[in-house]
Amino acid sequence: MSSTVSQYNSTKYNQIHIPGSIQPHGVLIALSASLEILQISDNAEEFFNQKPEDLLNQPLTYLFGASQTQALQEILDTQDDSNFLKLTLETESGERYFDVSVHKSESSIILELEATLSKTEMSFLSFRSLMGDVILQIQRTSKLNDFVALVVDKVKSITGFDRVLMYKFDDNGAGSVIAEAKLEQLSPYLGLHYPASDIPEPARQLYRRCLLRYIPNLNAHRSHLIPRNNPYTGQPLDLSNAILRSFHDCCVEYHQNMGVSALLVISLLQDQKLWGLITCHHSTPKYLVSEIRTACGFLGQIISLELGNKLINEQLDYKNKLQSSQSQFIASISSADNLIEAFAHPDPRLLDIVSANGCAVCLDNEITLVGATPNIEEVRKLIEWTQSNVDDDLFSTDSLPKIYPSAQAFKDTASGLLILRISRIRNYYILWFRPEVLQTVNWAGAPDPYLDSHQSEDTILNLSPRKSFELWQEMVRFTSPPWMQCELESALNLRNAIVGIVLTKTDELAKINLELERSNQELDSFAYAASHDLKEPLRGIHNYSNILIEDYAHLFDQEGFEYLTTLVTLTQRMDKLIDVLLRLSQLGQTELRKQPTDLNNLLSQVIKVFRASRQGENFEIRIPKTLPIIECDPILINELFSNLISNSLKYNEQAEKLLEIGYLDISQQTKQQKDIPKSVILYVQDNGIGIYDHHKEIIFRLFKRLHPKEKYGGGTGAGLAIAKKIVERHGGKIWVESTYGQGSTFFFIL
């Protein structure tokens with residue numbers, strides 16, 4: 001590959017803006033503020049027929065006379081960064097005309113003069129004739145690919161160069177040729193890639209500052225400034241914005257290796273950044289009059305503007321597409337009754353939000369896959385890696401296997417990864433995946449391994465131009481199409497929308513809960529008042545019925561007497577039902593009196609009561625391990641255990657009735673209350689008749705019995721309803737697991 005012809009250290013290359021010399025097709029004069037000549041190029045005698053040493057310290061009027069110097073002064077007074085004018089020099093052989101570029105550099109005024117045959121400036125009509133309908137055609141072209149192809153074709157037509165390329169930089173500084181117009185016999189460069197080191201950063205900075213670079217003859221000898229250092233600053237003159245600034249030896253050799261003798265480069269800027277270049281090559285020296293170069297400079301600015309419009313329009317179209325997908329997805333989840341359920345079964349449009357091929361929705365330990373993805377276990381391990389290695393709420397990579405080697409196993413589905421963390425408190429994530437896309441990158445010559453491994457300021461420490469520009473192909477693996485900025489923004493917007501939906505639903509739920517709480521309080525108050533008021537007339541009915549039986553039974557026949565006894569029985573049952581309503585209403589109104597409660601002591605008292613009331617009945621209550629101390633209302637929890645134990649003994653046909661009471665620890669203890677767990681799952685297990693699956697919810701309803709009242713000792717069917725109310729008053733939950741014919745286990749959390 002590229003052997004080193006000569007090496008240039010970084011200090012020299014970083015000084016390309018102060019070369020101390022110019023290209024010889026023009027002459028440069030550095031003036032003081034009073035328009036005295038401070039420096040001049042050593043080729044001045046060819047243009048002015050006077051030795052450069054004789055012109056130093058002379059006023060500019062010495063060369064061009066008072067009127068032309070006054071015209072220059074008026075231009076300088078406008079305070080524009082750069083200007084152009086025509087100057088005429090009287091010589092023995094007649095008048096000589098010059099195109100003059102004027103700009104300021106530090107404390108000096110720089111004039112760059114190029115000889116021309118015309119005394120007058122280019123007219124608007126001449127400019128219009130030169131540009132023709134180029135600008136109109138460029139503006140009418142809507143598609144980016146058609147636009148760049150048209151641009152290089154028109155620039156080639158205007159300049160007459162052998163080859164015109166449009167060269168685009170990527171995020172890493174490497175470039176690729178995206179459009180080309182050339183002579184038929186030349187080898188194509190279209191589609192070739194160039195490493196970032198081909199255009200070092202000092203050169204890029206100059207391209208950003210000076211939008212047109214013209215070198216008509218790369219083989220020409222340089223003309224040096226006299227004196228080399230500026231008398232005012234004592235430093236070399238800054239020629240960053242100089243049109244005639246000479247070129248670096250590395251630039252010469254680089255282009256000579258490409259067979260180029262003349263060069264014209266037009267910078268393309270977007271958002272003040274170097275987006276790309278239009279590069280014109282010619283195999284022989286190529287001189288362009290200043291009017292052509294002026295037109296090219298103007299055209300470059302038009303192209304940059306139109307390029308920006310084309311890029312913006314393409315981005316807007318794509319953003320609108322993403323926004324449409326996002327809006328449809330948000331509409332689908334916002335209308336769902338259960339947001340978690342909506343995410344547990346996501347709409348396939350979730351993929352379109354970032355143009356992914358697959359995604360995984362993680363809600364704690366529940367993972368749902370959509371599209372082409374790794375398997376659930378691979379996704380679970382990937383999330384664990386993310387939790388340890390990614391701090392941001394949004395993370396993306398287009399080459400996951402390079403940072404997470406295990407991803408090589410599923411590169412076909414997830415070489416690209418975009419992770420959105422929805423909640424830091426809960427493990428809620430959305431992961432989008434893109435598959436590996438094998439890319440064959442066509443390089444203009446093999447990239448220098450030294451440069452590839454030293455992308456820093458040391459890159460140009462041993463800078464040497466490449467000699468080979470023939471096609472060299474590289475296969476890029478483990479890489480997906482990169483995630484675009486608008487796709488990342490779409491993901492973040494989705495997160496914000498989800499948060500908004502959650503807040504809205506939380507607000508709605510809070511209002512509903514407040515209304516329910518008020519309704520429940522009113523219902524409890526009504527139930528208490530109604531039950532209390534019913535007690536008195538019911539007691540009267542019961543008492544008068546007993547009086548009729550005791551004192552007037554002889555007046556009734558057998559059928560009438562049975563009616564009276566049935567009436568007494570019904571009043572007794574109704575009295576029990578009213579007592580249940582009163583108890584439930586009291587549970588809803590009474591303040592909880594929570595305190596640390598030793599469940600071992602509490603259950604000991606409960607069990608003693610059952611043993612005393614059920615003497616002769618064969619049952620055993622086991623407590624396999626010491627129960628914890630919990631925060632609760634001991635009176636209500638006593639009633640809770642009493643109801644559960646009573647049911648377990650009542651609905652049991654075994655000769656030996658077995659009960660087990662215990663707990664499952666589900667949380668850590670606090671430092672302040674080491675013996676009081678934040679939350680435990682308590683249970684009461686029996687070997688009774690069991691419950692069918694379709695009855696597991698309705699058994700907690702008030703007055704809901706699954707058996708005739710004569711069977712299993714009767715009852716009101718309110719015990720489990722009261723148990724549920726007590727648990728809910730403690731902010732907990734109760735449920736049952738059961739196998740019919742084998743027994744039941746009632747679990748509850750306080």
Report yes if some heavy atom in the side chain of Thr116 is under 4.5 Å from a heavy atom in the side chain of Val289; otherwise report no.
-> no
Under a 4.5 Å cut-off applied to non-hydrogen side-chain atoms, are Leu28 and Leu111 in contact?
-> no
Between the side chain of Ser324 and the main-chain N/O of Lys321, is any donor-acceptor distance below 3.5 Å?
-> no
Would you call the rings of Tyr404 and Phe410 parallel, tilted or perpendicular if under 30° counts as parallel and over 60° as perpendicular?
-> tilted
Tyr318/Glu487 under side chain to side chain donor-acceptor pair (under 3.5 Å): CA gap, chis, key distance, verdict = CA-CA 9 Å; Tyr318 185 54; Glu487 293 165 344; 2.4 Å; yes
Side-chain atoms of residues 176-188: list all donor-acceptor pairs with protein atoms under 3.5 Å, sequence neighbours left out, distances to 0.1 Å.
| residue | atom | partner | partner atom | Å |
| --- | --- | --- | --- | --- |
| Glu180 | OE1 | Tyr189 | N | 3.2 |
| Glu180 | OE1 | Leu190 | N | 3.2 |
| Glu180 | OE2 | Arg163 | NH1 | 2.5 |
| Glu180 | OE2 | Tyr189 | N | 3.0 |
| Lys182 | NZ | Glu184 | O | 3.4 |
| Lys182 | NZ | Leu186 | O | 2.7 |

To the nearest 0.5 Å, what is the distance between CH2 (Trp432) and CG (Leu351)?
-> 9.5 Å
Taking it one step at a time, do Gln256 and Tyr254 satisfy side chain to side chain donor-acceptor pair (under 3.5 Å)?
-> CA-CA 6 Å; Gln256 285 177 341; Tyr254 181 95; over 6 Å; no
I would like to know whether Leu38 and Leu56 meet side chain to side chain contact (heavy atoms under 4.5 Å, CB included); could you show each step before the answer?
-> CA-CA 6 Å; Leu38 301 176; Leu56 291 176; over 6 Å; no
Would you check if Lys319 and Cys486 make a side-chain contact, meaning some heavy-atom pair closer than 4.5 Å?
-> yes
Side-chain donor/acceptor of His193 to backbone N/O of Gly191, under 3.5 Å = yes
Please examine the side chains of Gln23 and Arg245, heavy atoms only from C-beta on, and report whether any two atoms are closer than 4.5 Å.
-> no
Between Phe48 and Phe98, does the ring centre distance come in under 6.0 Å?
-> yes
Ignoring hydrogens and geometry, is there a side-chain-to-backbone donor-acceptor pair from Trp483 to Leu488 under 3.5 Å?
-> no
Checking side-chain contact (heavy atoms from CB on, under 4.5 Å) against Ser108, which of Leu237, Thr233, Leu31 comes through?
-> Leu237
Where is the tightest heavy-atom contact between Glu112 and Leu244, given as atom of each residue plus distance?
-> OE1-N, 2.5 Å
Taking every non-hydrogen atom, the tightest pair across Asp352 and Ser325 = CB-OG, 3.3 Å
Lys/Arg N to Asp/Glu carboxylate O, Glu114 vs Arg293, below 4.0 Å = yes
First locate atom OG1 of Thr159, then atom NZ of Lys154, and finally report the distance between them rounded to the nearest 0.5 Å.
-> 12.5 Å
Nearest-0.5 Å distance, CG of residue Leu211 to SG of residue Cys296 = 13.0 Å
CA sep, side-chain torsions, deciding dist, call: Phe247, Arg213, side chain to side chain contact (heavy atoms under 4.5 Å, CB included) = CA-CA 10 Å; Phe247 34 82; Arg213 178 66 166 147; 3.9 Å; yes
Start with the C-alpha distance between Gln235 and Asn230, add both sets of side-chain angles, then the distance that settles side chain to side chain contact (heavy atoms under 4.5 Å, CB included), and finish with yes or no.
-> CA-CA 6 Å; Gln235 300 294 325; Asn230 188 283; over 6 Å; no
Value rounded to 0.5 Å, distance of CG in Leu113 from NE2 in His25 = 11.5 Å
Just distance, no hydrogens or angles: give the donor-acceptor pairs under 3.5 Å from side chains in residues 134-150, sequence neighbours left out.
| residue | atom | partner | partner atom | Å |
| --- | --- | --- | --- | --- |
| Gln137 | NE2 | Asp133 | OD1 | 2.9 |
| Gln137 | NE2 | Asp133 | OD2 | 3.0 |
| Thr141 | OG1 | Gln137 | O | 2.8 |

Closest contact, heavy atoms only, Leu418 versus Ser396 | CD1-CB, 3.7 Å
Check whether any side-chain heavy atom of Ser490 lies under 4.5 Å from a side-chain heavy atom of Ile353, and answer yes or no.
-> yes
Nearest 0.5 Å, what's the OG-CD1 distance between Ser290 and Ile243?
-> 8.5 Å
Output every pair passing salt bridge (Lys or Arg N to Asp or Glu O under 4.0 Å) with a member in residues 299-314, not counting sequence neighbours, ordered by first then second residue.
-> Glu306-Lys310
Run the side chain to side chain contact (heavy atoms under 4.5 Å, CB included) check on Leu165 and Val152 step by step: do they pass?
-> CA-CA 6 Å; Leu165 309 169; Val152 295; 5.9 Å; no
Rounded to the nearest 0.5 Å, what separation is found between the CG atom of Leu417 and the CG atom of Asp398?
-> 11.0 Å
If a pair satisfies ring pair (Phe, Tyr, Trp, His ring centres under 6.0 Å) and one of its residues is in residues 163-185, list it, with sequence neighbours excluded.
-> Tyr167-Phe169, Tyr167-Tyr194
Measure across Gln408 and Pro401 and return the closest heavy-atom pair with its distance rounded to 0.1 Å.
-> CG-CB, 3.6 Å
Of all heavy-atom pairs linking Arg209 and Ser240, the shortest is NH1-OG, 3.2 Å
Just checking, is any N or O donor in the side chain of Ser223 or Ser41 under 3.5 Å from an acceptor N or O on the other one?
-> no
Could you give the side-chain donor-acceptor pairs of residues 261-283 under 3.5 Å, partners two or more places apart or in another chain?
| residue | atom | partner | partner atom | Å |
| --- | --- | --- | --- | --- |
| Ser261 | OG | Ser283 | O | 2.9 |
| Ser267 | OG | Tyr207 | O | 2.8 |
| Gln270 | NE2 | Ser304 | O | 2.7 |
| His282 | ND1 | Asp162 | N | 3.0 |
| His282 | ND1 | Asp162 | OD1 | 3.1 |
| Ser283 | OG | Asp162 | OD2 | 3.0 |

Shortest non-hydrogen separation from His248 to Ile16 and the atoms involved = CD2-CG2, 3.5 Å
Answer yes or no: is there a donor N or O on one side and an acceptor on the other, between the side chain of Ser105 and the main chain of Asp238, under 3.5 Å?
-> yes
With sequence neighbours excluded, residues passing side chain to side chain donor-acceptor pair (under 3.5 Å) with Glu45 | none
Can you find a heavy atom in the side chain of Ser355 that is under 4.5 Å from one in the side chain of Arg434?
-> yes
Any side-chain donor paired with an acceptor under 3.5 Å for Asn229 and Gln39?
-> no
Under a 4.5 Å cut-off applied to non-hydrogen side-chain atoms, are Thr88 and Gln68 in contact?
-> yes
Side-chain (Asp54) to main-chain (Gln50) donor-acceptor, under 3.5 angstrom | no
Is any side-chain heavy atom of Glu53 closer than 4.5 Å to a side-chain heavy atom of Leu55?
-> no
